[in-house]
Colleague: 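Quick one: the structure is below, questions incoming.
Throughout, protein chains are lettered first and strands after them, A, B, ... in sequence-line order, and every chain is numbered starting at 1. In this text, all values refer to a predicted model and were calculated from it rather than measured experimentally.
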Amino acid sequence: MRDREVALIAGFSDTRQQEILPAPARVQFSWVASTATSTPEALGPVRMRGTRTGEIALGDPLVAAPMLIERHDRAAFEHVQRLAEALPGDEEADRAVDALFARVESKAGARPLRRRIP
Amino acid sequence: MGERWPPVYDFDQLLAMIRDLIGRHDIANRFYEWRRDRSTEAPESVCQGDIVLLQADVPFLAADGLPAVGDHPGAGAWLVIGNTCDFDRPANEVRWTQLVPITDLGADGELSPENLSNLRGYKAFKRFYVPPWSQASASRVHAADFLRPVTVDKAAFEGTPAPAPVEARLDRAAWFLLNACLVRFLAGDDGRND
C-alpha cells in the first residue's frame, strides 16, 4: 500500500500492478460571498457581496476566482497607487502654494447669502 | 453626446505622456485642443476639464453653518470637474455637475520662482495649474482650486448663448494630467510607502 502511494505521488511508472483510481468527480459550485475592498485607509473599507462560481474536483480545496467587483476594485486601487507614486506631490510645495492662495483669498470679500429661517 | 478620451492601457505610456506635457516650456500651446478665441465653432457639449465662464460668486457654508458667497477669485473662470459621462444623462436622472473656481494668482512676474515651479510642476496636491487659455488670461498665473467645488445645474451650459459657455477644452494629455491630479487629490495613497 505504501509503495503504491509513493509511486502515484511521484509519478513513477513501473511494471508492478497498480490499482487504477477513477478520476475524482467534478462539481460546479456557487455561493454568495462577502468581502471588503482594499481601498486606502482614509477611505475606509467597503463591504461587498457577490457570487463566486467555479468548478472543482471533489476533495480539492475550495478556491474561487475573485468576483468581478473585486477585480475592478483591485485594478482601481493599483491604478491609484501607481499614479500617486508616479506623480508625487511635494508637502513643502503644497504648503507654499497654500500660503499663496491664502494671501489671494484674504483680499476677497465674502458675505452671508441669507439668514436661517426661524 | 460628451466625447470622452479613450483610456491608455499602457501605464508607462500614460506616464510618459503626462511627464512630456509637464516638462514642456510651451505647455500652453499643447494644453488645449480647442480655444474659443481661436475658433469660429463652439463645442456642442461639455466635458470634464473644460474651462467655462460663469459670472457668479463662489458659494460655501460659513463657520456658522449658513450659506455664504465669496468673490470669485478669477474673473468668472471655472474648471469642470464633474464626469463627462454625466453630461450624457438626461437632467431628470443627473441634474448636477461640479465646478471649481480658477484663481488668478497674479502676473507672471509677481510670483516667486519657487511658487511658479511648484504650480507648473504640479507638485501641489490641492491645486491644478491652468495655463493661459485666452488672450485675456495670457501673462497671468491661474490655478483651479480643488478645495472649493461648487454644484451647478447642467442647464447652465445649454441655450444660445449659454449662461456658462465653454472657453477652452483640454487636449488628451492635459486631460490625463487633470485626471491624475484629481485621483491624487481624492484618493492618494495611504502612506504605507512613506
Side-chain angles (χ1 to χ4, degrees), chain A residues 34-48 50 65-118, chain B residues 7 11-12 14-16 18-19 22 57-62 64-74 101 103-106 110-112 114-119 121-127 129 141 143 145 147-148 176-177 179-193:
Chain A
S34 179
T35 185
T37 66
S38 53
T39 46
E41 286 174 14
L43 298 179
V46 177
R47 299 205 71 79
M48 298 175 293
M67 294 184 288
L68 182 64
I69 193 168
E70 284 179 303
R71 291 202 297 274
H72 285 173
D73 166 58
R74 193 171 303 153
F77 181 62
E78 286 172 7
H79 183 70
V80 169
Q81 290 288 105
R82 293 191 70 185
L83 269 183
E85 288 168 13
L87 193 65
D90 181 324
E91 298 281 355
E92 209 167 302
D94 201 48
R95 276 193 290 273
V97 172
D98 284 348
L100 174 63
F101 267 76
R103 279 201 299 276
V104 172
E105 287 172 2
S106 69
K107 299 172 190 166
R111 55 210 165 274
L113 206 53
R114 67 177 184 184
R115 293 287 173 201
R116 193 192 302 272
I117 300 170
Chain B
F11 194 81
D12 292 333
L14 175 67
L15 286 189
I18 290 174
R19 285 175 177 156
I22 293 177
D57 291 328
V58 184
F60 65 96
L61 295 179
D64 56 6
L66 294 175
V69 289
D71 295 338
H72 190 288
T103 300
D104 182 343
L105 295 164
E110 294 173 359
L111 270 71
S112 68
E114 178 202 11
N115 269 330
L116 283 174
S117 169
N118 291 337
L119 288 164
Y122 294 89
K123 298 174 189 170
F125 300 98
K126 312 181 196 75
R127 277 84 184 197
Y129 171 66
V141 180
D145 192 349
L147 291 180
R148 303 185 72 185
F176 281 122
L177 174 61
N179 182 268
C181 288
L182 282 171
V183 167
R184 184 177 65 178
F185 172 68
L186 293 169
D189 70 58
D190 58 7
R192 72 187 62 187
N193 300 317

Colleague: Could you check if a side-chain atom of Lys123(B) sits within less than 4.5 angstrom of a side-chain atom of Asp94(A), using non-hydrogen atoms only?
Modeller: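 No, side chains not in contact.
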Colleague: Taking Ala62(B), Pro67(B), Pro73(B) one by one, which has the highest count of heavy-atom pairs under 4.5 Å against chain A?
Modeller: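 Of the options given, most contacts go to Pro67(B).
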Colleague: I want to check something: taking the side chain as every heavy atom from C-beta on, are Phe185(B) and Leu147(B) in contact at a cut-off of under 4.5 Å?
Modeller: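 They are in contact (side-chain heavy atoms under 4.5 Å apart), so the answer is yes.
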Colleague: Which of the residues Ile18(B), Asp145(B), Leu177(B) is involved in the greatest number of heavy-atom pairs with chain A at under 4.5 angstrom?
Modeller: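 Highest number of pairs under 4.5 Å: Asp145(B).
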Colleague: Applying side chain to side chain donor-acceptor pair (under 3.5 Å), can you list everything that pairs with Tyr122(B), at least two apart in sequence or on another chain?
Modeller: none
Colleague: Main chain of Ala108(A), side chain of Asp71(B): is a donor-acceptor contact present, judged purely on distance under 3.5 Å?
Modeller: no
Colleague: Go through the atoms of Arg95(A) and report whether side chain, backbone, both or neither lie under 4.5 Å from a heavy atom of chain B.
Modeller: neither
Colleague: Tell me, for Val104(A) versus chain B, whether the close heavy atoms (under 4.5 Å) come from the side chain, the backbone, both or neither.
Modeller: side chain
Colleague: Any side-chain heavy atom of Val58(B) sitting closer than 4.5 Å to one from Pro101(B)?
Modeller: yes
Colleague: Taking every heavy-atom pair that is under 4.5 Å apart, which of Ser117(B), Ala68(B), Pro59(B) has the most such pairs with chain A?
Modeller: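 Heavy-atom pairs under 4.5 Å are most numerous for Ala68(B).
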Colleague: Which atoms of Ile22(B) are under 4.5 Å from chain A, going by heavy atoms: the side chain, the backbone, both sets, or neither?
Modeller: side chain
Colleague: Check each atom of Asp57(B) against the heavy atoms of chain A and say whether the ones under 4.5 Å are side chain, backbone, both or neither.
Modeller: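 The side chain, not the backbone.
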Colleague: Could you tell me which residues satisfy side chain to side chain donor-acceptor pair (under 3.5 Å) with Asn115(B), sequence neighbours excluded, listed by chain and number?
Modeller: none
Colleague: Given that the side chain runs from C-beta out, which part of Glu91(A) has a heavy atom under 4.5 Å from chain B: side chain, backbone, both or neither?
Modeller: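 Glu91(A) touches chain B through backbone and side-chain heavy atoms alike.
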